[in-house]
Amino acid sequence: DSGVTQTPKHLITATGQRVTLRCSPRSGDLSVYWYQQSLDQGLQFLIQYYNGEERAKGNILERFSAQQFPDLHSELNLSSLELGDSALYFCASSVVGGNEQFFGPGTRLTVL
Amino acid sequence: EDQVTQSPEALRLQEGESSSLNCSYTVSGLRGLFWYRQDPGKGPEFLFTLYSAGEEKEKERLKATLTKKESFLHITAPKPEDSATYLCAVQGSNYQLIWGAGTKLIIKP
């Protein structure tokens, strides 16, 4: 158990809908990262937050957005969902931006 | 351009048959190289961080080494429970992690 929690574990929704994924980092970690992993694909970095502020952006679509709250938990919002958005979404956290990242168990999103 | 290449894509071994996985990288200003293990449907599990050429780290049947251009993950006398995808990532001067595609390791009993 890495100490990073993610909810929900599974999410099934329809195209065009909007969903919110939630992540709580390890105690003491200030950085949160979001990744997407499609079936049999590598990890795609989406976005990083550090202590409430956006630190870096990767291959994140405009339909996707994220934020980190004062209690350091983070939410990833996915809107106008498409079939191709079906994937595992992982959150990771680290003590200081750039150190070892510890991953949560992921949220499996299925868009029908 | 920063890049990480892992080889082979997949590796099938018999239980007890030692081997190595490779992670070749190109990065400006290496700050660290990370190895992770990922089981199907699970989040990557952190294994090692290596910071400079010549550094080695061990954990049970795994040993990671680093040169200026590549890293090896040596697996000694593997067991079926070592079956997983092993991911390599490098951190350059911009602090971002560049991930490899992974090596899928299958250990047959």
Side-chain angles (χ1 to χ4, degrees), chain A residues 1-7 9-11 21 23-26 29-50 53-60 86-110, chain B residues 1-10 21 23-25 27-52 55 57 59 64 66 71 83-106:
Chain A
D1 184 355
S2 67
V4 179
T5 60
Q6 290 187 247
T7 56
K9 288 186 179 180
H10 302 279
L11 199 49
L21 313 183
C23 167
S24 292
R26 295 186 317 161
D29 286 359
L30 299 180
S31 273
V32 169
Y33 310 78
W34 285 98
Y35 290 88
Q36 180 192 57
Q37 188 175 44
S38 301
L39 188 63
D40 291 332
Q41 298 294 311
L43 283 169
Q44 297 295 320
F45 168 67
L46 297 178
I47 197 165
Q48 176 199 356
Y49 278 82
Y50 175 75
E53 297 198 359
E54 183 182 304
R55 176 61 67 91
K57 261 186 176 179
N59 301 319
I60 188 166
S86 295
L88 273 167
Y89 290 84
F90 291 108
C91 166
S93 72
S94 66
V95 175
V96 177
N99 284 2
E100 295 92 345
Q101 297 178 19
F102 294 87
F103 284 76
T107 292
R108 182 177 294 278
L109 173 66
T110 302
Chain B
E1 181 184 348
D2 296 345
Q3 194 169 3
V4 176
T5 302
Q6 291 188 245
S7 61
E9 289 186 12
L21 313 182
C23 172
S24 297
Y25 64 90
V27 67
S28 30
L30 178 71
R31 292 189 174 274
L33 184 142
F34 306 86
W35 281 100
Y36 287 80
R37 168 195 170 124
Q38 186 176 25
D39 293 303
K42 303 285 183 64
E45 174 189 347
F46 171 73
L47 294 173
F48 305 109
T49 306
L50 302 169
Y51 292 104
S52 57
E55 189 175 0
K57 288 194 177 173
K59 179 181 179 180
L66 181 64
S71 176
S83 297
T85 295
Y86 290 85
L87 299 170
C88 168
V90 297
Q91 180 185 59
S93 55
N94 65 0
Y95 290 92
Q96 292 307 306
L97 288 190
I98 309 298
W99 291 84
T103 292
K104 185 174 184 178
L105 178 66
I106 299 170

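Naming convention: chains lettered A, B, ... in sequence-line order (proteins, then strands); numbering from 1 in each chain. Side chains included, hydrogens not; waters and symmetry mates left out as well; all remaining heavy atoms used.
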Please list, chain by chain and in numerical order, all residues satisfying side chain to side chain donor-acceptor pair (under 3.5 Å) with A/Tyr49, sequence neighbours excluded. none
Please determine, among A/Pro105, A/Gly58, A/Ala92, A/Gly42, the option with the most heavy-atom pairs under 4.5 Å with chain B. A/Pro105
Looking only at B/Ala89, B/Gly43, B/Pro44, B/Gly32, the option with the highest number of non-hydrogen pairs under 4.5 Å against chain A is B/Pro44
Side chains of B/Asp2 and B/Val90: closer than 4.5 Å at any heavy-atom pair? no
For B/Phe48, is it the side chain, the backbone, both or neither that has a heavy atom under 4.5 Å from a heavy atom of chain A? neither
Against chain A, label B/Gln38 side chain, backbone, both or neither, depending on which of its atoms sit under 4.5 Å from a heavy atom there. side chain
Please state whether the side chain, the backbone, both or neither of B/Ile98 comes within less than 4.5 Å of a heavy atom of chain A. neither
Any salt bridge between B/Lys42 and B/Asp39, counting N to O under 4.0 Å? no
For chain B, which of A/Gln6, A/Gln44, A/Gln37 has the most heavy-atom pairs under 4.5 Å? A/Gln37
Checking ring-ring contact (aromatic ring centres under 6.0 Å, His included) against A/Phe103, which of A/Trp34, A/Tyr33, A/Tyr89, A/Tyr35 comes through? A/Tyr35
When rounded to the nearest 0.5 Å, the distance separating NZ of A/Lys57 from CZ of A/Phe45 is 10.5 Å
